[in-house]
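Taking it in order: structure first as C-alpha cells, then the write-up.
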Amino acid sequence: MKTALIGSEGNLGKLVSDHLDIDYCFDIYNKPDYFNTNDIDTVIHFGEYSDPTISVDKSLKNLNSTLEYINHAKKNGVKRFFYASSHRIKGSWEFDLNLTSTKYFPITYYACSKIYIENFLRLESNDTFKVTILRIGTILGEDTESNSNLGKRLSERTGKYVLTRVLKKEFIDFMTLVLNSEQEEYYEIINLIPEESKLNQIFDGKNFSYYKNI
C-alpha cells in the first residue's frame, strides 16, 4: 500500500510526515507532482488553509483544490481517502450554542466549505473508494503539558483547550491505528476531540469513536 500525504508542511501534515511512514508528500511547492502520480492506494488530505477565520476567497480555494484532489484520486484507483474536516461545522465552543443539536451550524466560510466536502465525499464513496472524515479539534501541546499551562503559555484564557485539545502523541497513535485497520463502511466520520469536551454532546460520540448518526 502506497500512501500520499497532501499538506505535508502544515501543522498536522508535518506531524504525520515526521512520525509515520509516508510514501509521497505533497505541499504547495510540489503540488503538481500529485497530479502526475498514479500508483497511490491511500490519500491523507490535510492540505487546506486551516484558519477558521479565512475569507470567502480562501475558502473557495480550499473547496476547489480539494475537489481536484478527490477527482484525481478516484480516476487513479485510490482505495481510501482521509479528509481533515473540523468540529467548526457544528459551530464553536466560543459561542453559546445549543449543544444538543445534531444539525450543522457553520458560523464561518471555512466551516461551510468543510460541510460541502464532507457531503461530496459521502456521495462519492463506494466499495472501491472508501472515505474517512476526521473531524479534528485542536491538536497542539506536548504530552507532558497540562491544558492550563498551555493556555497560559499561549496567552489564552484558562481552560480553553480543555474543550477541543487532543495531544500530539494521541493524534499520531490514532493515525497509526486507523491507517493500519480495515475500513468496513464506505463512509465513516471520526471525531478527534477530548472525551470530556462539551462538543461531544453535539457529536454524540466519545474520543476517537465513530459517529453514530451518519
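Heads up: numbering here begins at 1 and tracks the sequence.
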With clusters defined by side-chain heavy atoms of hydrophobic residues (ILVMFWY) lying less than 4.5 Å apart, directly or transitively, does Phe120 cluster with Leu60? no
Of all heavy-atom pairs linking Gly13 and Leu5, the shortest is O-CD2, 3.4 Å
Aromatic ring proximity Tyr83/Phe46, centre distance under 6.0 Å: no
Taking the side chain as every heavy atom from C-beta outward, state whether Tyr69 and Asn64 have any pair of such atoms under 4.5 Å apart. no
Would Leu179 and Leu20 satisfy side-chain contact (heavy atoms from CB on, under 4.5 Å), going step by step from the backbone distance to the final call? CA-CA 10 Å; Leu179 284 170; Leu20 300 182; 3.9 Å; yes
With no hydrogens and no angle check, is any side-chain donor or acceptor of Asp27 less than 3.5 Å from a backbone partner on Tyr29? no
Are Tyr116 and Ile6 linked, directly or through intermediate hydrophobic residues, by side-chain heavy-atom contacts shorter than 4.5 Å (ILVMFWY only)? yes
Going by atom types only, do Tyr109 and Asn62 share a side-chain donor-acceptor pair under 3.5 Å? no
Rounded at 0.5 Å granularity, tell me how far CG in Asn38 sits from NE2 in His72. 6.5 Å
Distance-only side-chain donor-acceptor flag, Gln183 / Thr132, under 3.5 Å: yes
Might you confirm whether atom OH of Tyr34 has over 12 heavy atoms from other residues, nucleotides or ligands at distances under 6.0 Å? yes
Close side-chain approach of Ile40 to Asn76, heavy-atom, < 4.5 Å: no
Are any non-hydrogen side-chain atoms of Met175 and Leu134 less than 4.5 angstrom apart? yes
So, applying side-chain hydrogen bond (donor to acceptor under 3.5 Å, both in side chains) with Tyr24, which one of Asp39, Asn30, Asp33 is it? Asp39
Minimum heavy-atom separation for His45 to Gly47, with atom names? ND1-N, 3.1 Å
Is there a side-chain contact between Lys31 and Phe26 in this structure, where contact means two heavy atoms from C-beta onward sitting under 4.5 Å apart? no
Taking 4.0 angstrom as the limit, do Glu118 and Arg135 come out as a salt bridge? yes
I want to check a possible cation-pi pair here: Lys130 against Tyr186, using under 6.0 Å from ring centre and within 45° of the ring axis as the test. no
Compare every heavy atom of Lys14 with every heavy atom of Ser17, then report the nearest pair and how far apart it is. OG-O, 3.2 Å
One should read off an interatomic distance between Ser85 OG and Ile133 CD1, to the nearest 0.5 angstrom, of 6.5 Å
For a 4.5 angstrom cut-off between non-hydrogen side-chain atoms, does Ile190 reach Phe174? yes
If only side-chain N and O atoms count, and only distance matters, is there a donor-acceptor pair under 3.5 Å linking Asp57 with Ser55? no
How far does OG of Ser59 sit from OH of Tyr49, to the nearest 0.5 angstrom? 10.5 Å
Shared hydrophobic cluster, Leu63 / Val131 (ILVMFWY, side-chain heavy atoms < 4.5 Å): yes
Measure across Phe82 and Thr42 and return the closest heavy-atom pair with its distance rounded to 0.1 Å. CE1-CG2, 3.7 Å
Show me the pairs that pass salt bridge (charged side-chain N to carboxylate O under 4.0 Å, His left out) and involve residues 64-85, at least two apart or across chains. Asp41-Lys79, Lys74-Glu124
Would Glu48 and Lys114 pass as an ion pair if we require N to O under 4.0 Å? yes
Please find the pair of heavy atoms, one from Ile22 and one from Thr3, that lie closest to each other, and give the distance. CG2-O, 3.6 Å
Going from CD1 on Ile117 to CG on Leu121, what distance comes out if it is rounded to the nearest 0.5 angstrom? 6.5 Å
Give, for atom OG of Ser86 and atom CD1 of Ile115, the distance between the pair rounded to the nearest 0.5 Å. 10.0 Å
Can you tell me how far the CG atom of Leu177 sits from the CD1 atom of Ile172, to the nearest 0.5 Å? 12.5 Å
